Amino acid sequence: MDNSTKQYDVVIVGGGWAGSLLAYKLSSANKKVLVLEAGIAIDGLITNPDENQLETGSRAEFMDDFFMAMAKTPESPYVQNYNAPRPAVLDIRPVTSPPAPEDCADPIKSINNGYFIQKGPIPFGSTYERRGGGTSWHWLGTSLRMMPNDFKMKSVYNKAVDWPLTYEDLSNYYDEAEFEIGVSADVDEQKIHGITFSDGYVYPMAKIPPTILDNTMDKALANVTFDGSSLKVTGTPAGRNGVPNQLKDGSFYDNGRRQCQGNTNCTPICPIQAKYDATISMAKALMTGNVDIIYQAVAFNITIDEATKEVNGVEYKTYDKIDGPSTGTFTATGTKYVIAAHAIEAAKLLLMSNKQLPNGVANHSLQVGKNLMDHPMYLGWGLMPKPVYPFRGPLSTSGIEGPRDGAFRSERASFRIEIGNEGWNWPAGAPYNQVIDMVSPLPPDKSGKPTIGIFGSQLRKNIQSVFTRQFRIGFLIEQLPDDNCYIVPSKTCVDNLGVPRPEIHYSFDNYTMEGFKAAAAATETIFKAVDADNKTGIPVGDGGVFTYEGVKYYSQGAGHVMGTHRMGFTNEDSVTDANMKSWDHDNLYLVGCGSFPTTATSNPTLTMAALTFKAADAILKSF
Amino acid sequence: MTLDEFVSLSSALTGYPASTLKPARDTQMIAQTLYEQLNLPSNNIPSAQLDLLTLVWNQISGTPPPQLEAAVKEKIIDNLAITRLAQNIIYLWFFGIWYDLSKNPASFTSPNIDHVVSPLAYKNGLVWGEMGAHPMGFSTGVFGYWENVPQLPAIN
């Protein structure tokens, strides 16, 4: 599409989570919006249905790729795109010391061994998607609000920084985000650690019913504490469809999509779109007639008007095939610009745009790309004394939220505990690895020679006994902003379009490692209370290993990439203000989880969506 | 090995009745799909191994049901010349996966020729129903089914 002559009110880089929500809200207010999406289109999600899309993907195709994948990783349904690559499990392997020099001469071959340039010392464990809808394709659906103290880490616990806004400032935007996503939860159950709701507020849908595992844990843990925190089990707010509630205005919530069928597959893909994804908001945005979206358009440079210091264009490259050459370079122009390209890709783009500003765009503070954070996860797994029937229902329906806040936060990381409904699938490759252990156990010399296992009725009995009792819990551990954690564009490694790949420096400070230590101790407490046999060992994803006080821990990425263009109070301490507007460039906004000054412990999507609506309001008011 | 031999042997190896593996009114054609893996050249099955497994099975297949598992154990599972191929037949049915015969599936060595046979083979994997669940990504349940205790299939 040739848009070189068309003037837009807002140019958005990124057609994922934040970009789709923004496009919807801005276009609904009659703003003319252009979205540049680096990845390929989703079938039907295009500006002009008559236009011939170069490459597209559909849920049905993604499902078939998922079914055929030997390793059913979060990326397994989504083919790699060498012109807009994304990280995968291969990226998460121990970093050698000193790091081995990368062999990047052949971008496709090199990307097949991992997209990130991992400098460690700990490999960054999280991945994302670059295509229409972005990483919403494989989000879990968890839609927790942050707690009031999460916004005030400096003033309450003398750690890190405060957010330039409070829970109260965001509360209405949480309402708006929960409506758009379609969150199922119970208001009374969510009033923990000071979280409040407006009078008469109800979530769009009633809470998702708990699983048998949830109820088993709830019974055993109702009165158990760990380090002063209650381990009470509560339902997890979820962006998946349940039973509609009657809203304040008397109407019943209806988003036109079907109820969750319990496919136990939210990550990597919901087969029936009962779980919200950003293509839903993008479809509504396109229906306003105010949005143009260009796929296969990779932004690589932001240009600045020297006189006004405002952004005056976004340069992007196009391509026809996911492994083919660039087909041209174009410039998108508008009145306002938003970078909503994922925390890592957005920071990369700002830092790459250094022809006019040596430190990159929006980077007076030198904070762009810094403070890279995740919720590093500790997994504990075991066998229940009686069947709890996992592998049924959504991947997670309940959690333990008590340990998310407390006086201990001045000393160690807090965490929330997610209860998994997929047995040992994540930590131990269930059901495959355990069945293989039954049928053809690995010989002591680990060779390929045949061994003797069980079969027939004995195999069936063992499968019934083991797999009905498997369970796992996952700790989402807080991580503070840290100078040792940052992303820069690689000087040596590029993708197939010649765009630099992300070079990542990452580690855990003592605060986070103390959180891991506490998580391991809490696992013992919980497993004792539920009378489970603790089988926690080396997980199949063992790349994020580190040693603390002589003990080995294995961290997993949560996919919660935060902090790389944080908001704050001044142009010295942060990249944007509380409206996510660049301190340096009056018409530039940076939106997404990169805006988070600290991580808290809640899965960040809902807060990111609320922030996106806040930014949209600010953009609308700025015209 | 014929399709009928494959189905009767599969029944003995998996513990499922032949009528479950290959129903009279067969809409999914899973037995046929899995059986074809035995004849796929890229699976590199030594013909001597397949012939021996077929021969041994035909020798014991008439064993009365109460003694059949013992005979399978003695003549097939404990026979290192053919047990690995028999295990692969179990994996075909429980996972819809063919594992590289020359390696132990638990070793995760590469390269290998491990592969999922087809989306339908994955969705018909027996392991899921055995535990009272459904293949991940392929539920036929209704909203909230997960609150209730499932009925596990009976084992004879």
Side-chain angles (χ1 to χ4, degrees), chain A residues 63-64 66-70 72 208-212 215 241-243 259-265 268-269 271 387 389-394 397 421-423 425 431-433 435-437 439-443 446-461 463-464 467-468, chain B residues 12-16 69 72-73 76-78 80-84 86-87 90-91 94-97 99-100 102-107 109 114-116 118-123 126-128 130-150 152-153 155-156:
Chain A
M63 285 308 301
D64 269 355
F66 164 77
F67 290 138
M68 290 300 286
M70 282 297 295
K72 302 209 181 313
I208 302 286
T211 58
I212 296 165
N215 289 333
N241 275 2
V243 177
Q259 286 179 315
C260 173
Q261 211 179 352
N263 276 283
T264 328
N265 213 56
I269 181 168
Y389 303 104
F391 299 92
R392 300 166 80 245
T397 33
N421 290 326
E422 84 296 10
N425 181 265
Y432 304 97
N433 292 8
V435 171
I436 288 170
D437 280 346
V439 173
S440 56
L442 196 61
K446 300 191 175 177
S447 71
K449 70 186 175 195
T451 55
I452 292 164
I454 58 172
F455 72 102
S457 59
Q458 189 58 51
L459 174 62
R460 295 188 56 191
K461 281 176 195 152
I463 288 173
Q464 291 193 359
F467 290 101
T468 55
Chain B
L13 291 172
T14 61
Y16 276 85
E69 279 207 342
V72 172
K73 164 86 175 140
I76 296 177
I77 299 297
D78 289 350
L80 291 176
I82 52 176
T83 194
R84 189 64 195 78
Q87 289 163 356
I90 295 174
Y91 292 136
F94 277 89
F95 297 155
I97 287 175
Y99 286 105
D100 195 327
S102 69
K103 300 170 197 285
N104 185 294
S107 66
T109 49
D114 299 351
H115 61 272
V116 178
S118 70
L120 207 58
Y122 167 82
K123 287 187 262 189
L126 294 172
V127 68
W128 309 103
E130 193 68 73
M131 61 174 96
H134 54 81
M136 294 177 84
F138 187 69
S139 164
T140 53
V142 296
F143 179 74
Y145 75 82
W146 49 88
E147 282 184 296
N148 306 314
V149 173
L152 300 185
I155 302 171
N156 293 321

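The shown structure was predicted, so the numbers you read here are calculated from the model rather than taken from an experiment. Chain identifiers are assigned alphabetically (A, B, ...) following the order of the sequence lines, protein sequences preceding nucleic acid strands; residue numbering begins at 1 within each chain.
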Task: Contact class of B:Ile97 relative to chain A, heavy atoms under 4.5 angstrom - done: side chain

TODO: Go through the structure and list residues passing salt bridge (Lys or Arg N to Asp or Glu O under 4.0 Å) with A:Lys446, not counting sequence neighbours.
DONE: none

Open item on the list: Just so I understand: if I count every heavy-atom pair under 4.5 Å between each of B:Ala81, B:Gly144, B:Gly132 and chain A, which residue has the most?
Closed with: B:Gly132

Open item on the list: At a heavy-atom distance under 4.5 Å, which candidate from A:Leu459, A:Val435, A:Asp437, A:Val243 has the highest pair count against chain B?
Closed with: A:Val435

Open item on the list: Closer than 3.5 angstrom, by distance alone: can the side chain of A:Gln464 be matched with the main-chain N or O of B:Pro153 as a donor-acceptor pair?
Closed with: yes

- [ ] Using non-hydrogen atoms and a 4.5 Å limit, figure out which bit of A:Pro390 sits close to chain B: side chain, backbone, both or neither.
- [x] backbone

- [ ] Name the region of B:Ile77, side chain, backbone, both or neither, that has any atom closer than 4.5 Å to a heavy atom of chain A.
- [x] both

- [ ] With a 4.5 angstrom heavy-atom cut-off, could you sort out which part of A:Pro271 is near chain B: side chain, backbone, both or neither?
- [x] side chain

TODO: Counting only heavy atoms closer than 4.5 Å, note whether A:Lys461 contacts chain B via side chain, backbone, both or neither.
DONE: both

Open item on the list: Contact between B:Tyr91 and A:Ile436 at the side-chain level, heavy atoms closer than 4.5 Å - yes or no?
Closed with: yes

TODO: Quick one: closest heavy-atom pair of A:Gly453 and B:Gln87, and the distance?
DONE: N-NE2, 4.1 Å

Task: Nearest-0.5 Å distance that lies between atom CG in B:Leu152 and atom CD1 in A:Ile463 - done: 11.5 Å

TODO: Looking only at non-hydrogen atoms, find the nearest pair between A:Pro431 and B:Trp128 and report the distance.
DONE: CD-CH2, 3.4 Å

- [ ] Find the one option among A:Asp64, A:Asn215, A:Asn265 whose heavy-atom pairs under 4.5 Å with chain B are most numerous.
- [x] A:Asn265

TODO: Heavy-atom distances under 4.5 Å only: say whether A:Phe391 touches chain B with side chain, backbone, both or neither.
DONE: both

Task: Interface moiety of A:Asn241 toward chain B, non-hydrogen atoms closer than 4.5 Å - done: backbone

- [ ] Please say whether the positively charged group of A:Arg460, taken as NZ for Lys or CZ for Arg, lies over the ring of B:Tyr16, i.e. under 6.0 angstrom from the six-membered ring centre and within 45 degrees of the axis.
- [x] yes

Open item on the list: For A:Pro450 versus B:Arg84, what's the shortest heavy-atom pair and its separation?
Closed with: CB-CB, 4.2 Å

Open item on the list: With a 4.5 angstrom heavy-atom cut-off, is it the side chain or the backbone of A:Ser447 that approaches chain B, or both, or neither?
Closed with: backbone

Task: Atom of A:Asn425, atom of B:Met136 and distance for their closest heavy-atom approach - done: ND2-SD, 3.4 Å

TODO: Check whether the side chains of A:Ser440 and B:Tyr99 place a donor and an acceptor atom closer than 3.5 Å, and report yes or no.
DONE: no

- [ ] Give the member of A:Ile454, A:Asn433, A:Ile269 that has the highest number of heavy-atom pairs under 4.5 Å with chain B.
- [x] A:Asn433

- [ ] Answer whether the closest heavy-atom distance between the side chains of B:Asn104 and A:Pro443 falls below 4.5 Å.
- [x] yes

Open item on the list: What verdict does the side-chain contact (heavy atoms from CB on, under 4.5 Å) test give for B:Phe94 and A:Val439, after you've listed the backbone C-alpha separation in whole Å, the side-chain angles of each residue and the deciding distance to 0.1 Å?
Closed with: CA-CA 11 Å; B:Phe94 277 89; A:Val439 173; over 6 Å; no

Task: Options A:Pro394, A:Ala69, A:Pro441, ranked by heavy-atom pairs under 4.5 Å with chain B, top entry - done: A:Pro394

TODO: Determine the option with the most heavy-atom pairs under 4.5 angstrom with chain B, choosing from A:Ile452, A:Ile208, A:Thr211.
DONE: A:Ile452

TODO: Drop me the distance from A:Phe467's CZ to B:Glu130's CD, to the nearest 0.5 angstrom.
DONE: 10.5 Å

Task: Considering all heavy atoms, the nearest B:Val116-A:Lys72 contact - done: CG2-NZ, 4.3 Å

Task: Expected output: side-chain B:Trp146 to main-chain A:Tyr389 donor-acceptor under 3.5 Å - done: no

- [ ] Counting only heavy atoms closer than 4.5 Å, note whether A:Ile212 contacts chain B via side chain, backbone, both or neither.
- [x] both

Task: Donor-acceptor contact below 3.5 Å, side chain B:Glu69 vs main chain A:Ser457 - done: yes

Task: Option that, when pairs with chain A are counted at under 4.5 Å, heavy atom only, ranks first among B:Asp78, B:Leu126, B:Thr83 - done: B:Asp78

- [ ] Go through the atoms of A:Pro268 and report whether side chain, backbone, both or neither lie under 4.5 Å from a heavy atom of chain B.
- [x] neither

- [ ] Check A:Gln261 against B:Tyr145 and note the closest heavy-atom contact, atom names and distance.
- [x] O-CE2, 3.1 Å

Open item on the list: Need one label for B:Lys73: side chain, backbone, both or neither, based on atoms under 4.5 Å from any heavy atom in chain A.
Closed with: both

Task: Most contacts with chain A, counted as non-hydrogen pairs under 4.5 angstrom, among B:Glu147, B:His134, B:Lys103, B:His115 - done: B:His134

Open item on the list: Looking only at heavy atoms and a cut-off of under 4.5 Å, which of B:Val142, B:Asp100, B:Leu13 has the most pairs with chain A?
Closed with: B:Leu13

